[in-house]
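Take a look at the structure below.
Heads up: numbering here begins at 1 and tracks the sequence. Values below: all heavy atoms of this structure, side chains included; hydrogens, waters and symmetry mates excluded. Given the structure is predicted, the values throughout are model-derived calculations rather than measurements.
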Amino acid sequence: MQDMEFELEQAIQYRSVFDELRNVMPHGTFPQPQLGDNPPAPPTWEVLPALPTDVFGAVAHLLRVSGTIGWFEPSSTCPEPEASIFLSQAERSELKELARAWRTEGKSAGIQDIWTRLLSQKDSCLRPRLLSQEEKGPGTLEWCKTAFKLLLIADMAAEGLGRPLDDNEEVANVMRDLLAAKNQPDKGAQDEKTIAGSSLTRRHRHPASMTERIDTDVVCVLPKSRIAQVGCTLRSLSANLALLPPRAAVRCQWAEPVGALRHDDRATLDILLIPSPFEIQGIDFEEVPPHDGKHGQRPWGNFSLRQSWLEDPSKLEGITRDLIKQAKKQTKSLNAVMFPEYALNWDSFDRICKAAWEVEPELEFIISGASKNCDQHEGNHVLTALRHEKKGANGKPWISAVSRRKHHRWRLDARQVTDYALASALNPAVACWWESHKIMTPELYFHRFRQSSTFVTMICEDLARSDPCHEIIRSVGPNLVFALLMDGPQLPGRWGARYASSLADDPGCSVMTFTSWGLIRRMNQSGKYPPSRAIALWKDETGNVEQIMMPSGDGPAGVLVSLAGKDTTDYTIDGRSVSNWSWRFHGQQPILMP
């Protein structure tokens, strides 16, 4: 019996390279034709995949599950190359030329040879170990070096996928053309997919992965922006592609405006923050009775928000119009409007988008937390509307909208109930109150809104909890992270700043947290803490922290935040330099009602 258990353990420990390759690419690397009524030919893995993203997804997965990233030697002059996965300068130059030929001319003969070499090592143990010259066995690092070569070639072949190329003369680009094709709206989308009763268009669902042969229930591959400048991981080795978890874990999408992307330039990115609701009543927090009607048999309760501030939707629409007009007096180009968590519902978001683009047609995007999504499903959502340069049927740029759910429920404990003065609505004797919200499959949208700039939006606990999205955000490295909150003042010592720092440090995202004035006002009125007017907080890779203050008074107002881009150079751990873009804080201006 013990012998059987030992043999089973040994079999489990020995998993070959091909076992895992077949796992991540179960249908082979080459489409098999269907000939009449005959069954398709069996899958083959001998042919190099047509797309660099497929090659990247396969070998990056092999290297990740084998745990071999730490064996890679960054230097091209390693004193002991046999003790590591070492690539000489000549080998790196050769890989660069192979990648360029694949990217621009579709020539992959030399890469096919390396792929064939990997397949010849397919029986190697997935878990390598360093063997002496006298030892023989399947556990050497040889297959790992081959895989690293393929990974670097695929990553370099994907240049231009998520940011512009340094070489402006390089016209042909296989991956750039692929992204353009996947980014196009569905046929007739502007007419057939207009959201019912809305002026906004439902954006088509982008693929979860920029691959064709990879099983997306194993891994996904998307473009990336910033590169991790610390640590030794796949995130710091790849410059253009990000290896992501299965789509069922978090359904990620990379979305771009359709049409020409605006250049990143020296002009500022000016965002109007509207910290609605400006007043929150205690009874806006309502207890949700248990479905079984049995109270007192569990140590928690559930609550929902009534959103009394939206009882007259035309009021907030008018406030938004006025604040945009006032903001335009302070800037040559108002680029975006943002509201905090739970500020709106779908109907008010739709009305405000229509009004905002009437007042300022050049707005690039509008973001808001909302209690309903595009399909009128209740819950805690983020809504994002983006302007596209591509003209619609009416000859004007069309506006698309997407929504996603929050990934965690808000948990109010007795201390928070007291801090927000909600004891009359939510019994503080209850150990904790959980937000009534269906989470379902987590989603993330990465929005590329300019040639070198991408943003992602998080909702409160999404920022505070590392699972399931922090590792994904670190892999993709968006230039901007917006965190919409319903929280107290945004102080440097509170939780928002702490979690923003983790993303600012790695991979270098610029992070802005943003909450409503209504909840801060309740905390100020309670007198428990020193009063604060900090509705937002900025943190970037330089360590700079900026508090963004609500203008004086309690009435409706906004803040115009000016961000300026800065050219920066990111480096991969193998020494490649990549021109990138980092947003920095450059001022705030109070925007008052006329």
Side-chain angles (χ1 to χ4, degrees), residues 250-251 276-277 279-311 313 316 339-350 367-384 402-444 457-465 467-469 483-488 495-496 514-516 518-520 522-523:
V250 180
R251 215 296 186 176
S276 176
E279 185 175 4
I280 296 177
Q281 307 297 336
I283 57 174
D284 284 330
F285 287 78
E286 297 180 324
E287 179 181 358
V288 176
H291 295 297
D292 57 9
K294 296 180 180 180
H295 294 267
Q297 297 186 14
R298 55 183 184 177
W300 71 85
N302 294 96
F303 72 92
S304 63
L305 280 173
R306 188 168 61 94
Q307 291 183 297
S308 63
W309 54 91
L310 297 178
E311 290 176 354
L316 185 55
F339 295 85
E341 180 183 12
Y342 267 131
L344 306 176
N345 54 25
W346 168 253
D347 291 335
S348 58
F349 179 78
D350 182 37
I367 301 171
S368 179
S371 59
K372 290 186 178 180
N373 65 6
C374 300
D375 297 311
Q376 299 283 6
H377 296 156
E378 293 187 353
N380 193 336
H381 306 84
V382 56
L383 302 174
T384 306
V402 296
S403 60
R404 75 157 180 87
R405 294 175 175 271
K406 185 180 177 183
H407 303 145
H408 299 275
R409 297 178 181 89
W410 185 7
R411 179 181 180 273
L412 283 169
D413 58 25
R415 179 188 59 79
Q416 290 172 301
V417 169
T418 301
D419 289 348
Y420 299 140
L422 298 174
S424 59
L426 303 177
N427 186 353
V430 176
C432 60
W433 291 91
W434 287 96
E435 172 187 18
S436 181
H437 168 62
K438 292 182 179 179
I439 296 171
M440 304 175 74
T441 301
E443 292 184 299
L444 271 183
T457 306
M458 308 181 80
I459 315 172
C460 208
E461 278 77 11
D462 295 354
L463 177 65
R465 308 276 79 83
D467 295 328
C469 292
L484 310 183
L485 317 178
M486 179 165 273
D487 187 33
W495 68 270
F514 176 37
T515 189
S516 62
L519 212 54
I520 294 178
R522 289 190 68 86
M523 289 190 69

Does H408 reach the main-chain N or O of D467 with its side chain, forming a donor-acceptor pair under 3.5 Å?
yes
For a salt bridge (charged side-chain N to carboxylate O under 4.0 Å, His left out) check, start with the C-alpha distance between K406 and E341, then their side-chain angles and the critical distance, and finish with the verdict.
CA-CA 10 Å; K406 185 180 177 183; E341 180 183 12; 3.1 Å; yes
P277 versus A343, closest heavy-atom pair with distance
CD-CA, 4.3 Å
What is the distance from atom CD of Q416 to atom CG of L426, rounded to the nearest 0.5 Å?
11.0 Å
Check this for me: does any side-chain nitrogen of one of K438 and E378 sit under 4.0 Å from a carboxylate oxygen of the other?
no
For A425 against G282, the heavy-atom pair lying closest together:
CB-O, 3.3 Å
Side chains of E435 and N380 only: does a donor on one sit below 3.5 Å from an acceptor on the other?
yes
To the nearest 0.5 Å, what is the distance between CD1 (I280) and CG (L305)?
7.5 Å
To the nearest 0.5 Å, how far apart are OG in S371 and CG in L310?
7.0 Å
Hey, could you give me the OG1/NE2 distance between T457 and H381, rounded to the nearest 0.5 Å?
14.5 Å
Worked verdict on L412 versus W434 for side-chain contact (heavy atoms from CB on, under 4.5 Å):
CA-CA 6 Å; L412 283 169; W434 287 96; over 6 Å; no
Do I520 and R522 have side chains that approach each other closer than 4.5 Å (heavy atoms only, starting at C-beta)?
no
Could you check Q376 against D347 for side-chain hydrogen bond (donor to acceptor under 3.5 Å, both in side chains), going step by step and ending with a plain yes or no?
CA-CA 9 Å; Q376 299 283 6; D347 291 335; 3.2 Å; yes
Partners meeting ring-ring contact (aromatic ring centres under 6.0 Å, His included) with Y342 (sequence neighbours left out):
none
State, yes or no, whether a side-chain contact exists between W309 and E279 at a heavy-atom distance under 4.5 Å.
no
Closest contact, heavy atoms only, P428 versus A423
CD-O, 3.8 Å
Within the structure provided, determine whether F339 and I367 are in side-chain contact (heavy-atom separation under 4.5 Å).
no
What are the two closest non-hydrogen atoms of H437 and G379, and how far apart are they?
ND1-CA, 3.6 Å
To check you understand the geometry: which heavy-atom pair defines the closest contact between V288 and S436, and what is its length?
CG2-CB, 4.0 Å
Within the 4.5 Å heavy-atom criterion, are W346 and L383 side-chain neighbours or not?
yes
Would you call the rings of F303 and F285 parallel, tilted or perpendicular if under 30° counts as parallel and over 60° as perpendicular?
tilted
Note, R411 side chain near W433 side chain (heavy atom, < 4.5 Å):
no
Using side chain to side chain donor-acceptor pair (under 3.5 Å) as the criterion, list what pairs up with W495, not counting sequence neighbours.
D487
Under a 3.5 Å distance rule, please check whether D413 uses its side chain to pair with a backbone N or O of R415 as donor and acceptor.
yes
We want to know whether R404 and H407 form a side-chain donor-acceptor pair, criterion being a heavy-atom distance below 3.5 angstrom.
yes
The reported gap from CG in N373 to CG in N345 (rounded to nearest 0.5 angstrom) is 11.5 Å
Can you list everything that forms a side-chain contact (heavy atoms from CB on, under 4.5 Å) with S308? Sequence neighbours excluded, please.
Q281, D284, R306, E311
Would you compute the distance between atom OG1 of T515 and atom CG of L484 and round it to the nearest 0.5 angstrom?
9.5 Å
Minimum heavy-atom distance between T441 and R251, given as atom pair plus value
CG2-CB, 4.4 Å
Is E461 salt-bridged to R409, cutoff N-O under 4.0 Å?
no
Kindly indicate, with the supporting measurements, whether the criterion side-chain contact (heavy atoms from CB on, under 4.5 Å) is fulfilled by L316 and S276.
CA-CA 9 Å; L316 185 55; S276 176; 3.8 Å; yes
Side-chain heavy-atom pair S348, K372 within 4.5 angstrom cut-off:
no
Find out whether P299 and V430 are in side-chain contact, i.e. whether some heavy atom of one side chain is under 4.5 Å from a heavy atom of the other.
no
